[in-house]
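Heads up: the structure comes next, in structure tokens.
Order of the sequence lines sets the chain letters (A, B, ...), proteins ahead of strands, with each chain counted from 1. Predicted model only: the values in this text are computed from it and were never measured.
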Protein chains: 2
Amino acid sequence: MTDAPLVSAAVARPLRADARRNFEAVLAAARDAFATNGPDASLEDIARRAGVGIATLYRNFPTRASLIEAVYFDEVDALCRAAGQFGELPPWEALIAWLRRFVDYATTKRALLDGLNRDSDMFRNAKYAMFEAGKPLLARAQASGDARADVEISDVLFLISGLLSVSYANDEQRERVLGLALDGIRPPRP
Amino acid sequence: MTDAPLVSAAVARPLRADARRNFEAVLAAARDAFATNGPDASLEDIARRAGVGIATLYRNFPTRASLIEAVYFDEVDALCRAAGQFGELPPWEALIAWLRRFVDYATTKRALLDGLNRDSDMFRNAKYAMFEAGKPLLARAQASGDARADVEISDVLFLISGLLSVSYANDEQRERVLGLALDGIRPPRP
DNA sequence: CATTATATGGAGGCACCCCTCCGTTTAGCA
DNA sequence: TGCTAAACGGAGGGGTGCCTCCATATAATG
């Protein structure tokens, strides 16, 4: 989060100190609100939570979509960075570790995606960035024979992200289903 | 659709001819609207589409939730009935055929689930009914060695329903991911 | 400290949705 | 065909969220 974002530089931050502070406050409140109330969360409520007037919110994010995008954007960026951190783990474990990180992120993501224009440039960029981040991990697992050769990183991510949108009876079942899906990625034993 | 519903008799249909007609019209319009606009679709709009006054909608469905439930209910009921139709197919094909039917249904379902109280009795009943409908199909596939023995029907349905909430690049990819998931259900070859 | 460009907040107009109330219409029945 | 209970429609009051406008406050600069 300290360096320039990986995904794009689409969000130009304002200059004055208070403006910058408010920008961050709104973003944080929005992340919270969208996760809690879905993509239709009241903008006035978000401003209130951020301790900011509604006009300030609008000045930074002229449309609801731009706010959703900004939040989504931050999340994706953090996730892409995380992909580099698993270099020391064995190939399959590294892949799993990142996917697990992906699981966490996707919980928030889901609420956002519902309200996001999937055809926007931003979304396309984010998806591309995420695929690029995950590719080396998958390639490594394929090279070591831990993952079947005929899957793409996009397949894997679609597979996983789908599973997360379901509300399971309990965590145990969620793990079981997740395991089931991951078994689909492992090569068939001959 | 001609017999009494399998899931429960929760939805009492009105008696007079015009009332019955309007009831069905609202239900159909609602199914449409929820699929298109999600669970927040305007009730006044639904009434308009059904060619019915707003009051008539409210008379039949006092709350938004009751309308959502009624739609959901119809879908589940139809799906449960469908489970019986695949008796002549080989075990694995029968399971797949029903799951494919499930795929179609789940597209509508998703919009509904977002707006549905997952803890309601209705929802519990529906889930139970669906599991019961699918169980024999899975059991048959397990008996013939086409599906691994350590999965439950609920695992399978959760797995599949998750996959559908994702918007894929194209149908081909959707099929590939679906195939991936189904591979997770087949027994590991020794 | 004074100046000024920048940023702020919240009132208010607009639009939409929810839901109830009640005068009118109609199906069912004899 | 005439009666009556059942059903109907839509106007309208209440509420909420969206977004703009502008008088006020404040960070930055010399």
[X] has an atom [atom1]; how far is it from atom [atom2] of [N], in whole Å?
X	N	atom1	atom2	value
D18(A)	dG9(C)	CG	P	9 Å
F61(A)	dC19(D)	CZ	P	15 Å
L67(A)	dC19(D)	CG	P	11 Å
F23(B)	dC8(D)	CZ	C1'	16 Å
L43(B)	dG9(D)	CG	C1'	16 Å
N60(B)	dA6(D)	CG	C1'	12 Å
I46(A)	dT16(D)	CD1	P	18 Å
N37(A)	dG17(D)	CG	P	10 Å

Would you mind telling me which of [options] lies closest to the side-chain atoms of [X]?
X	options	value
A17(A)	dA7(D), dC19(D), dA27(D)	dA27(D)
R16(B)	dA7(D), dA7(C), dA28(D)	dA7(D)
E44(B)	dT8(C), dC19(C), dG12(C)	dC19(C)

List the atom of A97(A), the atom of L89(A), and the distance in Å for their closest heavy-atom pair.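 The answer is CB-CD1, 4.0 Å.
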Indicate yes or no: at least one non-hydrogen side-chain atom of [X] is less than 4.5 angstrom from one of [Y].
X	Y	value
E172(B)	E175(B)	no
T56(B)	N60(B)	yes
K127(A)	V76(A)	no
Q173(B)	D155(A)	yes

Per nearest nucleotide of DNA chain C, the residue lying toward the 5' end, R21(B) or D45(B), is D45(B)
Using heavy-atom distances to pick each residue's nearest nucleotide on DNA chain C, tell me which of P62(B) and G51(A) is more 5'.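 Final value for this comparison: G51(A).
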Step by step, work out the side-chain contact (heavy atoms from CB on, under 4.5 Å) result for R100(A) and L178(A). CA-CA 10 Å; R100(A) 204 154 281 280; L178(A) 204 61; 3.9 Å; yes
Between the two end axes of the helix from dC1(C)-dG30(D) to dA30(C)-dT1(D), each built from 5 base pairs, what angle do you get to the nearest 10°? 20°
Name the residue from L138(A), L182(A), L137(A) that meets the side-chain contact (heavy atoms from CB on, under 4.5 Å) definition with L99(A). L182(A)
Would you please test F34(A) and Y72(A) for ring-ring contact (aromatic ring centres under 6.0 Å, His included) and show each step? CA-CA 10 Å; F34(A) 288 138; Y72(A) 179 68; over 10 Å; no
Is the closest basic N to carboxylate O distance between R176(A) and D150(B) below 4.0 Å? no
Is S42(A) near enough to dC18(D) that one of its side-chain N or O atoms lies under 4.0 angstrom from OP1 or OP2? yes
Check whether any side-chain nitrogen or oxygen of N22(B) sits under 4.0 Å from OP1 or OP2 of dA7(D), and answer yes or no. no
Short of 4.0 Å, heavy atom to strand atom, which residues of residues 52-59 of chain A count as contacting DNA chain C? V52(A), G53(A), I54(A), A55(A), T56(A), R59(A)
So, is the end of the R186(B) side chain (NZ or CZ) under 6.0 Å from the ring centre of W92(B) and within 45° of the ring's axis? yes
